[in-house]
Amino acid sequence: MSLAAEAFVSQMAAAEPWPESATLYQPLKEDQILLSDCASSLAVQAYLRMCGLPVQVVCKSNAEYMSPSGKIPFIHVGNQVVSELGPIVQFTKAKGNSLSDGLDDVQRAEMKAYMELVNNMLLTAELYIQWCDDATAAEISRPRYSSPYSWPLSNVLAYQKQWEVRRKMNAIGWGGKTLEQVYDDVTQCCQALSQRLGTQPYFFNKQPTELDALVFGHLFTILTTRLTSTELAERIKSCSNLLSFCRRIEQTYFEDKSS
Amino acid sequence: MGTVHARSLDPLPMRGPELGIHPDDIEAPEIEHEQKQEVLENKNVVVQRVHIDGLGRTKDDLLTYEIKEVFRAKNLIDVMRKSHEARQKLLRLGIFRKVEVVIDTSRGDGALPNGLDVTFEVTELRRMTGSYNTMVGNNEGSMVLGLKLPNVLGRAEKMNFQFSYGTKETSYGLSFFKPQPGNFERNITLNMYKVTGQFPWSSLRETDRGISGEMSFPLWKTSQTLKWEGVWRELGCLARTASFAVREESGHSLKSSLSHSMVIDTRNSSILPRKGGLLKIHQELAGYTGGDASFLKEDFEIQLNKTLFWDSVLSASMWGGLLLPIGDKPTSIADRFYLGGPTSIRGFSMYSLGPQSEGDYLGGEGYWAGGLHLYTPLPFRPGKGGFGDLFRTHFFLNAGNLCNLNYGEGPKAHLKKLAECIRWSYGVGVVLRLGNIARLELNYCIPMGVQSGDRICDGVQFGAGIRFL
């Protein structure tokens, strides 16, 4: 689709209200989903809950291939399909729901910078641990990723994915890093976030923004997912204000709705 | 006794098995008598030796099967006929460029007075032939490289490699064919391929990577094929605007299937036949040998032809098929049947009838289609006996239906469902025969029984294809 056509479609989408039947797709929760996908999916769910937009979560083994960009998660709203947090934020904005409208230009730039930091550091670190750490790849990532498929397709797809991620890591210069260096990067990232957060309830004071959703998605998933080593979670636990930040968002947006 | 060249019997063009020679295409050898030497006709002769000249890498044992009948000849006419048959058999192996037969009296030690020597002078095909094409179409340009190795191991084995490099897609195919020596119809074929198809009527893109092995053999009047195929299929949306039903089918699957097909073909030609019939039955069982897809697929095709007055031919054909999912998993969009278009039910757009979602056709689990054609020569018969004979006028009536079947309801409900809302069409057109493998049609069609959601092609429709209803 051309850019003009896409712009036209998003204009059209703006006219329609948010439907009750909106659906979020992600891989199978029990057997298939991996840390990085789970984090991205949780970030989008947190964002939509902060906006007060209802969404039904559906687990599909082929969610990755259904997504128009090949990334998890994506939402199906009306006859629109939008994937990943960034475009979803744009999409909800077109429908009149935005969390960052109250920010001034400087704050918005700062928010974008921190979001980039999370994507470049935490998400990349998650991918690195999943696919470049041999123990995690062999024990967790490959078996889970390939669980819906039968042999020999399961092996082909798992190794194909691993190769693809490793190639990407080499391209961005992470290929030569050791696990210890990656953990140190995560620590630095968490320290930066912890300093920015300080004693505030959210990154930009009283109101949550998409940055809060993104940070919550990644930190909460890392804290609650069992990996071959607990090192990654330990690095986060050293920043106590981030832990209470996660607990706050969980209580505010996830617990009262489920009860 | 003079030398008789069997080559004066009609020379055959050389063809490989893939072009599918029909027994009827080969006309019975006509014996030409040499008037001056009619005394030889009834004289008993003995074929003492058969020479084959010009062999390079072909193994002798393969050829002994093909020429052994020549030794059984009892008189000269017999020798000529048997030699001619042997020549045809040799040419059909697809490993010789040229075969000539020379029959001469025996010479040398131990030569009988009525002894004959038959010499086959053969020219082998090159060890390797290559081809190079460029193709443009479907918003895509591609370059096709082909390599053929006839007679790889010396016993008429064939190896074929094709590689297509396109601006969007790359595909390749490698096949190996081996006939049983002395029994060319019994053969095995091994294949390895990757093909990518784009199906705009379903907004679907499919990439298949697979291996297959098949075995063909004749049985009574039929030709039977048993096949195993393992395919890794990757489905995806052709565009962002694809319907969600197609999007849900995206992803990878593995199909491992056993299939059997049976063909009885008594037609005199596969394109524009004048007489004879065709029965084709194909069945496929997927899932028992592994893989994600499990279903049973049955499919048949019947065609009957009869010549009427003034060179006109009446042709009736019927297709039908059923796809039964095994287990709880629904059938995949890649396995279902599609109907409509200039090669099946004319007057409808290509594969554009039946179940659909937001304009994307999803295919059906059951279908039938029938066609009745009256082929006549062109009016006033221009170009008779030459170019004009490639053309026919035809009047047609097509009907059919495609739908999903709910398998809880039993066969009666299925039949009722297939008999409801029948799509049909009629019209007139011109057919052009392209060689013996394909045909082109230009028709004026009037579609009837159109259901909501069907895409029609009212009026002039152009079609090209290999298989026609």
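Only heavy atoms go into these numbers, but all of them, side chains included; no hydrogens, no water, no symmetry mates. In the text below, chain A, chain B and the rest are named by the order of the sequence lines, each starting its count at 1.
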**Student:** Can the ring centres of Phe244(B) and Tyr25(A) be said to be less than 6.0 Å apart?
**Tutor:** yes
**Student:** Under a 4.0 Å threshold between the charged nitrogen and the carboxylate oxygen, would Lys297(B) count as salt-bridged to Asp335(B)?
**Tutor:** no
**Student:** May I ask you to decide if the ring planes of Phe337(B) and Tyr367(B) are parallel, tilted or perpendicular, using 30° and 60° as cut-offs?
**Tutor:** tilted
**Student:** Name the region of Ser243(B), side chain, backbone, both or neither, that has any atom closer than 4.5 Å to a heavy atom of chain A.
**Tutor:** neither
**Student:** I need the residue from Gly290(B), Gly251(B), Gly230(B), Gly236(B) with the largest number of non-hydrogen atom pairs under 4.5 Å to chain A.
**Tutor:** Gly251(B)
**Student:** Can you say whether the rings of Trp201(B) and Phe199(B) are parallel (under 30°), tilted (30 to 60°) or perpendicular (over 60°)?
**Tutor:** tilted
**Student:** Are there residues of residues 57-79 of chain A that reach to under 4.5 Å of chain B by heavy atoms, and which ones?
**Tutor:** Lys60(A), Asn62(A), Tyr65(A), Met66(A), Ser67(A), Pro68(A), Phe74(A), His76(A)
**Student:** Quick one: of Leu235(B), Leu254(B), Val246(B), who has the most non-hydrogen atom pairs under 4.5 Å with chain A?
**Tutor:** Leu254(B)
**Student:** Considering only NZ, NE, NH1 and NH2 on the basic side and carboxylate oxygens on the acidic side, decide whether Arg166(A) and Asp134(A) come within less than 4.0 Å.
**Tutor:** yes
**Student:** For Glu249(B), which atoms come within 4.5 Å of any heavy atom of chain A: side chain, backbone, both, or neither?
**Tutor:** backbone
**Student:** Strictly below 4.0 Å, N to O, side chains only: are Lys255(B) and Glu284(B) in salt-bridge contact?
**Tutor:** yes
**Student:** Among Ser257(B), Ser256(B), Ser212(B), exactly one meets side chain to side chain donor-acceptor pair (under 3.5 Å) together with Trp228(B). Which residue is that?
**Tutor:** Ser256(B)
**Student:** Determine whether a donor-acceptor pair (N or O, by modelled atom type, separation under 3.5 Å) exists between the side chain of Ser141(A) and the backbone of Gln130(A).
**Tutor:** yes
